[in-house]
Amino acid sequence: SEEELCCVSDLEVCKPGIGSIVFHGVTDCRGLDIGSLVHLDVGEVLVYPAQATKPPPGEGLNKAATVTLHRCWPPNGRAHLEDHESQERYRRKIQAMTEEKRAKFIDYDCVAGIWKFQVDHF
């Protein structure tokens with residue numbers, strides 16, 4: 001209902017086998033075409049792909065969120081993550097890449113290929 005759509009708490013957008021985004025707090029989903037505003041793909045998340053439609057930080061979906069991406073493996077394949085040293089090196093690389101994009105690194109699971117990070121806005 002309109003009443004429910006205006007106050008969705010911790011909205012989660014998922015794409016099975018690819019990942020999810022949890023938008024923190026209450027989101028007014030009325031009039032939001034989430035399918036065209038949120039793109040999840042292997043190793044990639046885009047919110048408001050058309051920059052002209054992006055509202056100011058804190059409005060709509062341009063807000064704090066936690067992103068979880070699955071199937072995030074090194075370009076040369078997961079076989080290169082067999083030993084602990086390789087796993088730690090790749091985990092540090094993922095952490096640095098996350099921080100370069102001004103996001104907060106939460107975790108990277110080398111065994112499962114799951115990368116988790118937080119953003120203040122998109």
Contact check, side chains of [X] and [Y], non-hydrogen atoms, under 4.5 Å:
| X | Y | result |
| --- | --- | --- |
| L11 | C29 | yes |
| Y48 | P55 | yes |
| D107 | R91 | yes |
| V47 | V13 | no |

To the nearest 0.5 angstrom, please state how far the [atom1] atom of [X] sits from the [atom2] atom of [Y].
| X | Y | atom1 | atom2 | value |
| --- | --- | --- | --- | --- |
| Q87 | R89 | CD | CZ | 10.5 Å |
| E82 | C110 | CD | SG | 12.5 Å |
| E4 | S9 | CD | OG | 13.0 Å |
| C72 | D109 | SG | CG | 11.0 Å |
| Q95 | R92 | CD | CZ | 9.5 Å |
| F23 | L61 | CZ | CG | 4.5 Å |

Here the pair of heavy atoms bringing V67 nearest to L69 is CG1-CG, 3.9 Å

Of the non-hydrogen atoms in H70 and G19, which two are nearest, and what is the gap between them?
CD2-CA, 3.4 Å

Side chain to side chain contact (heavy atoms under 4.5 Å, CB included) partners for I106, two or more places apart:
T66, K116, Q118

Set of residues satisfying side chain to side chain contact (heavy atoms under 4.5 Å, CB included) with respect to V42, sequence neighbours excluded
I18, R71

Applying a strict under-4.5 Å side-chain criterion to I, L, V, M, F, W and Y, I'd like to know whether [X] and [Y] cluster together.
| X | Y | value |
| --- | --- | --- |
| V8 | V22 | no |
| V119 | I114 | no |
| M97 | V45 | yes |
| W73 | L40 | yes |

Checking L37 against L46 for the side-chain contact (heavy atoms from CB on, under 4.5 Å) test, could you report, in this order, the C-alpha distance in whole Å, the side-chain angles of both residues, the deciding distance, and whether it holds?
CA-CA 8 Å; L37 297 176; L46 287 172; over 6 Å; no

Go through the steps for E88 and H84 under the test side-chain contact (heavy atoms from CB on, under 4.5 Å), then give the verdict.
CA-CA 6 Å; E88 281 305 304; H84 183 72; 3.6 Å; yes

For G25, is there any backbone N or O sitting under 3.5 Å from a side-chain donor or acceptor partner on D10?
yes

Side chain of D120, backbone of A64: donor and acceptor closer than 3.5 Å?
no

Scan for salt bridge (Lys or Arg N to Asp or Glu O under 4.0 Å) pairs involving [range], sequence neighbours excluded, and state none if there are none.
| range | value |
| --- | --- |
| residues 96-105 | none |
| residues 42-67 | none |
| residues 19-35 | D28-R30 |

Does V38 form a side-chain contact (heavy atoms from CB on, under 4.5 Å) with I21? I'd like the steps, not just the answer.
CA-CA 9 Å; V38 177; I21 307 173; 3.7 Å; yes

Check step by step if side-chain contact (heavy atoms from CB on, under 4.5 Å) holds for T68 and W115.
CA-CA 6 Å; T68 304; W115 176 20; over 6 Å; no

Can you list every side chain to side chain donor-acceptor pair (under 3.5 Å) pair that touches residues 12-22, not counting sequence neighbours?
none

Distance flag, aromatic centroids of F117 and Y108, threshold under 6.0 Å
no

